[in-house]
Visitor: 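Let me give you the structure first, and then I'll get to my questions.
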Amino acid sequence: MIEKNLSVPQLAEEAEAEFRRRFGRPPRWITVAPGRVNLIGEHTDYNDGFVLPMAIERYVVLAADAAPAKTSGPGHYTLCSMTSGQNQSWPADGAPPGGQGDWTSYVWGVLDLCQQRGLATGPLEIVLHSTVPVGGGLSSSAALEVATATLVEAITGQTLDPVKKALLCQQAEHEYAGVPCGIMDQFSSVMGRANQLILLDCRSAQAELVPLRGDDVSILITNTNVKHALTGGEYAERRGQCEAAAQCLGVRSLRDCTVTQLAARQADLEPALMRRARHVVSEIERTTRAADTIRRGDWPATGELMYASHESLRDDYAVSCEELDLVVDLARQIGLSGGMYGSRMTGAGFGGCTVSLVRSDQLAAIAERLAAGYLDKTGIQPTMFVSRPAEGARIFRQD
Ligand code: GLA
């Protein structure tokens, strides 16, 4: 029922074997970057607010070597995905055929931006391996960007400042993938720490580590295996609404408004903008409160904040969907007596995963009840795994 996480050495070995099979020699560099799950603080990062994510034991691994020298013309980047089976090549001084938003754009964007900053790798052959579910709200794209930036570090021997590295990857997502994301995903993949949640102030980029120690509670991730956002335009639309709300309120960003101040300005905002702003402002408060309840080991209080976050995302921010609501309802039915502290959707929404805080000694029974209830109502088998907070990106091999 609960999937096992493959270890980094195991994934590296598999990526190496694939590289040898395709290119007839071992890879010279292997880098790894984790996905992330956000415990609370959703759609707050691009409002200068707080988020509370952790890196997960699901990774993107890149195995690479310089492409053999060509006798004429520019060298090429070649990228082979072990997960989708797709391959793509593009000239080192050009763009991949798929252009903006294509699966190759994350790698292309980071390589290109690094090159513009004087960190040139030259033509490469790269094998991509990943255990971060694609489109599941667990930052598979950020992990790919960060693994690519780490590959550039391995090749050039230059270490990027971690915050600048995350910002460069975010810029790749904006300009090459066409998604106006915040900083949470790339930051988590760079800065993840074993057994620590990251309370990130997205205004100052200051991070405070919040320990998630002990084995009595577990983070259970349930993938609904549905994805409803077809164009991704919903994300940009929400972001625009937040900016419009901040402008109406006369503040730099929604971070500069409290729940009480917002309630007093009801008349100044049209209803939809009011609801979006209410989510963001209340979610920022819930996030700092959750960091406190976690520090105290108050799991029921943390769980209540997670349920409240979900309701706010569903009703005010309108980014949930039936399937996510169903998993959270099933969690509520399991309740404290069944070992469930709290649950919510995680990531941008419209499908993907929920994150639940559960008693470790009840994990198996909880997973079984969630899966059976979900399958029964939707006909879809969910996938589930557990993760401890994981280490951020690193170079696994550098010859
Ligand atoms: C996506 C974005 C993040 C963040 C979340 C919502 O994952 O990449 O920057 O905005 O959605 O919290």
Side-chain angles (χ1 to χ4, degrees), residues 33-56 58 60 101 105-106 109-110 132-146 163 166-192 197-203 205 207 221 223 227-229 231-243 253-255 276 279-284 286-287 290 305-306 309-310 312-314 316-321 324 344-355:
R36 63 99 191 95
V37 70
N38 189 20
L39 227 69
I40 196 161
E42 215 65 83
H43 289 280
T44 51
D45 61 350
Y46 52 82
N47 289 295
D48 285 346
F50 287 91
V51 292
L52 191 57
M54 64 183 218
I56 52 175
R58 292 292 180 122
V60 165
S105 60
Y106 310 103
V110 172
V132 189
V134 173
L138 301 174
S139 299
S140 56
S141 52
L144 181 51
E145 290 150 7
V146 172
V163 175
L167 289 169
L168 180 142
C169 292
Q170 182 198 28
Q171 192 184 344
E173 180 114 9
H174 285 194
E175 294 174 9
Y176 296 77
V179 180
C181 64
I183 191 56
M184 167 169 70
D185 305 350
Q186 292 79 6
F187 200 95
S188 313
S189 187
V190 172
M191 305 287 226
L197 299 169
I198 307 165
L199 177 64
L200 175 66
D201 180 337
C202 299
R203 171 162 274 172
I221 295 153
N223 195 339
K227 185 163 171 50
H228 296 297
T231 60
E234 298 82 354
Y235 185 88
E237 187 194 343
R238 293 297 181 287
R239 196 173 171 154
Q241 287 174 320
C242 290
E243 280 157 14
S253 69
L254 290 177
R255 164 75 177 271
R276 306 295 184 253
H279 164 71
V280 172
V281 169
S282 64
E283 183 79 352
I284 292 173
R286 277 189 291 274
T287 305
L305 291 166
M306 292 170 77
S309 166
H310 185 79
S312 175
L313 287 157
R314 181 191 64 200
D316 278 346
Y317 217 62
V319 291
S320 188
C321 63
L324 287 166
R344 55 181 289 277
M345 56 156 272
T346 188
F350 303 105
C353 294
T354 65
V355 57

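In each ligand, atom 1 is the first atom listed, and ligand 1 is the first ligand listed. These values consider heavy atoms only, across backbone and side chains, with no hydrogens, waters or symmetry-generated copies.
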Visitor: Looking only at atom types and distance, does a side-chain atom of Q186 sit under 3.5 Å from a main-chain N or O of L167, one as donor and one as acceptor?
Guide: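 No, because the side chain of Q186 does not come within donor-acceptor range (under 3.5 Å) of the backbone of L167.
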
Visitor: Ignoring hydrogens and geometry, is there a side-chain-to-backbone donor-acceptor pair from H279 to E42 under 3.5 Å?
Guide: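 Yes; judged by distance alone, with no hydrogens or angles, the pair exists.
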
Visitor: Under 4.5 Å between any side-chain heavy atoms of Y317 and S309, yes or no?
Guide: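 Y317 does not reach S309 side chain to side chain.
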
Visitor: Does H43 offer a backbone N or O that forms a donor-acceptor pair with the side chain of R239 under 3.5 Å?
Guide: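 Answer holds: no.
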
Visitor: Hey, is the main chain of V355 close enough, under 3.5 Å, to the side chain of R344 for a donor-acceptor pair?
Guide: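 Here the side-chain-to-backbone pair does not exist.
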
Visitor: Give a yes or no answer on whether the side chain of S189 reaches the backbone of A143 with a donor-acceptor pair at less than 3.5 Å.
Guide: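 Flag not set: sc S189 to bb A143 has no pair under 3.5 Å.
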
Visitor: Could you pull out the N/O contacts under 3.5 angstrom between ligand 1 and the surrounding protein atoms?
Guide:
{"unit_1": "ligand 1", "atom_1": "7 (O)", "unit_2": "R36", "atom_2": "NH2", "d": "3.1"}
{"unit_1": "ligand 1", "atom_1": "7 (O)", "unit_2": "D185", "atom_2": "OD2", "d": "2.8"}
{"unit_1": "ligand 1", "atom_1": "8 (O)", "unit_2": "D185", "atom_2": "OD2", "d": "2.6"}
{"unit_1": "ligand 1", "atom_1": "9 (O)", "unit_2": "D45", "atom_2": "OD2", "d": "2.5"}
{"unit_1": "ligand 1", "atom_1": "9 (O)", "unit_2": "G182", "atom_2": "N", "d": "2.9"}
{"unit_1": "ligand 1", "atom_1": "9 (O)", "unit_2": "Y235", "atom_2": "OH", "d": "3.4"}
{"unit_1": "ligand 1", "atom_1": "10 (O)", "unit_2": "D45", "atom_2": "OD1", "d": "2.7"}
{"unit_1": "ligand 1", "atom_1": "10 (O)", "unit_2": "D45", "atom_2": "OD2", "d": "3.4"}
{"unit_1": "ligand 1", "atom_1": "10 (O)", "unit_2": "Y235", "atom_2": "OH", "d": "2.6"}
{"unit_1": "ligand 1", "atom_1": "12 (O)", "unit_2": "E42", "atom_2": "OE2", "d": "2.6"}
{"unit_1": "ligand 1", "atom_1": "12 (O)", "unit_2": "H43", "atom_2": "N", "d": "2.7"}

